[in-house]
Undergrad: 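Okay, handing you the structure first.
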Amino acid sequence: MNFSQKPNLHITRRKLLQLSGFSSISLLLGGCGTPLLEDLVGTLSEPLNQNFQSLILKPQTPVPEFSFNEIEPEALIVNTYRSTPVINQEKFRLIIDGEVENPISLSMEDIKNLPLTSMIIRHVCVEGWAAIVQWGGIRLQELVALAQPKSNVKYAYFKSADGYYSSWDIASTLHPQTLLAYQKNGEPLPIDNGAPLRLASPIKLGYKQSKWVTRVTLTSHLSRFQGYWEDQGYEWFAGL
């Protein structure tokens with residue numbers, strides 16, 4: 001690929017990764033399940049993928065949103081990893097920890113007292129379906145700022161109440177349209193869609209948008225456990 005030429009804006013970011021061959025490398029390295037390869041994964045895959053993605057993906061660029069009359073209320077399919085967890089929202093706490101100066105624990109009341117951000121975006125599933133949804137919640141960048149991450153942080157791990165887990169690059173985590181959402185289409189988020197908190201973002205495929213998020217751990221290093229589906233061979237970056 002000749003990087004001196006202006007990129008074709010009609011080619012999706014996912015397609016660019018596939019055409020370049022880096023998507024396959026990410027799959028090979030990021031999906032390794034052998035403990036002895038953990039250091040190799042950390043040494044090779046992180047700088048290679050991060051530098052390439054930063055070059056072509058412009059991870060802070062806002063994605064165009066849709067109008068209210070384009071919302072597709074019935075199109076969002078409920079997929080579950082295990083069974084829907086039972087969560088007491090009055091006792092619920094969101095933990096943000098890891099390589100931070102100020103680990104925090106927030107109730108839903110704390111979170112709802114922060115500025116509400118609403119966006120209408122397309123949710124895209126790797127299975128081939130999509131839905132235009134209005135999400136409302138708190139920008140993840142605002143929550144991360146409260147925890148005061150250290151300068152070497154590169155990734156965020158997301159843990160869910162049902163045992164699901166995933167990891168993101170920090171640039172995507174801090175994207176201005178990446179939310180921890182507690183509303184769907186102007187109403188309280190249903191438990192089947194991830195209440196009390198779920199990830200919502202127009203820059204990632206659906207399997208990266210964890211439901212029932214209980215913990216965000218900021219780190220400078222990816223372990224060999226990178227995500228429930230990622231550890232089974234799905235693409236780690238999964239950008240759109």
Side-chain angles (χ1 to χ4, degrees), residues 6-18 53-79 94 96 108 111-146 156 158 160 166-213 216 227 229 234-240:
K6 184 177 180 180
N8 183 346
L9 298 181
H10 295 289
I11 300 178
T12 66
R13 292 184 282 185
R14 180 177 173 82
K15 186 64 176 178
L16 278 169
L17 286 174
Q18 293 171 338
Q53 291 154 5
S54 297
L55 181 63
I56 68 168
L57 300 183
K58 298 180 180 180
Q60 293 300 301
T61 303
V63 175
E65 299 182 19
F66 295 87
S67 64
F68 185 80
N69 60 11
E70 292 177 289
I71 294 173
E72 300 169 318
E74 307 301 324
L76 187 65
I77 298 173
V78 174
N79 286 329
L94 173 70
I96 302 182
M108 282 307 300
I111 292 169
K112 289 180 180 179
N113 283 333
L114 296 169
L116 171 69
T117 296
S118 179
M119 62 185 185
I120 301 175
I121 59 170
R122 178 178 279 117
H123 178 96
V124 180
C125 181
V126 72
E127 296 173 347
W129 59 268
I132 296 174
V133 183
Q134 181 183 37
W135 301 109
I138 177 70
R139 284 191 177 97
L140 192 49
Q141 62 178 220
E142 297 176 18
L143 294 176
V144 168
L146 294 176
F158 299 95
S160 300
S166 188
S167 59
W168 288 35
D169 61 292
I170 195 63
S172 297
T173 302
L174 301 180
H175 189 279
Q177 292 166 297
T178 295
L179 304 184
L180 276 176
Y182 53 83
Q183 292 181 1
K184 186 189 85 167
N185 297 334
E187 301 291 337
L189 183 66
I191 183 67
D192 285 345
N193 290 130
L197 287 175
R198 64 159 298 145
L199 280 166
S201 181
I203 63 171
K204 295 289 186 185
L205 286 169
Y207 65 87
K208 301 294 286 189
Q209 299 182 43
S210 304
K211 298 186 287 188
W212 309 298
V213 174
V216 182
W229 289 113
Y234 280 52
E235 183 183 329
W236 175 75
F237 190 75
L240 291 170

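Here, residue 1 is the first one in the sequence, and each next residue gets the next number.
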Undergrad: Compare every heavy atom of S118 with every heavy atom of Q134, then report the nearest pair and how far apart it is.
TA: NE2-OG, 3.1 Å
Undergrad: Tell me whether E235 contacts the main-chain N or O of A238 through its side chain, where contact means a donor paired with an acceptor under 3.5 Å.
TA: yes
Undergrad: Which value, rounded to the nearest 0.5 Å, describes the distance between T178 atom OG1 and W168 atom CH2?
TA: 4.5 Å
Undergrad: Which heavy atom in A130 sits nearest to a heavy atom in A75, and how many Å separate them?
TA: O-CB, 4.0 Å
Undergrad: Looking at every heavy atom in both P202 and I121, which two are closest together, and how far apart are they?
TA: N-CD1, 3.6 Å
Undergrad: Can you check whether K184 reaches L76 side chain to side chain, under 4.5 Å on heavy atoms?
TA: yes
Undergrad: Heavy atoms, side chains only, cut-off 4.5 Å: are W236 and K208 in contact?
TA: yes
Undergrad: Of all the heavy-atom pairs spanning I132 and R122, show the shortest one and how long it is.
TA: CD1-NH2, 4.0 Å
Undergrad: Let me confirm one number: the OG-NZ distance from S210 to K204, rounded to the nearest 0.5 Å.
TA: 11.5 Å
Undergrad: How many angstroms lie between atom CG of N185 and atom CG of N193, to the nearest 0.5 angstrom?
TA: 9.0 Å
Undergrad: State which residue, out of R139, E142, Q177, fulfils the side chain to side chain donor-acceptor pair (under 3.5 Å) condition with T117.
TA: R139
Undergrad: Is a donor on one side and an acceptor on the other found under 3.5 Å between the side chain of Q209 and the backbone of R198?
TA: no
Undergrad: Once rounded to the nearest 0.5 Å, what's the spacing between atom CD1 of I138 and atom CG of L146?
TA: 8.0 Å
Undergrad: Under 30°, 30 to 60°, or over 60°: which ring-plane class applies to Y207 and Y234, parallel, tilted or perpendicular?
TA: perpendicular
Undergrad: Using every non-hydrogen atom in the two residues, find where L189 and A181 come nearest and quote the distance to one decimal.
TA: CD2-O, 3.5 Å
Undergrad: What is the minimum heavy-atom distance between V213 and F158, and which atoms define it?
TA: CG1-CD2, 4.4 Å
Undergrad: In Å, rounded to the nearest 0.5 Å, how long is the span from CG of L205 to CD of E127?
TA: 11.0 Å
Undergrad: Between the side chains of W135 and S201, is a donor N or O closer than 3.5 angstrom to an acceptor N or O?
TA: no
Undergrad: Could you tell me whether the side chain of K211 and the main chain of I191 form a donor-acceptor pair under 3.5 Å?
TA: no
Undergrad: Could you tell me the separation between the CG atom of L143 and the CG atom of L197, rounded to the nearest 0.5 Å?
TA: 8.5 Å
Undergrad: For residues I111 and L180, determine if any side-chain heavy atom of one lies less than 4.5 Å from a side-chain heavy atom of the other.
TA: no
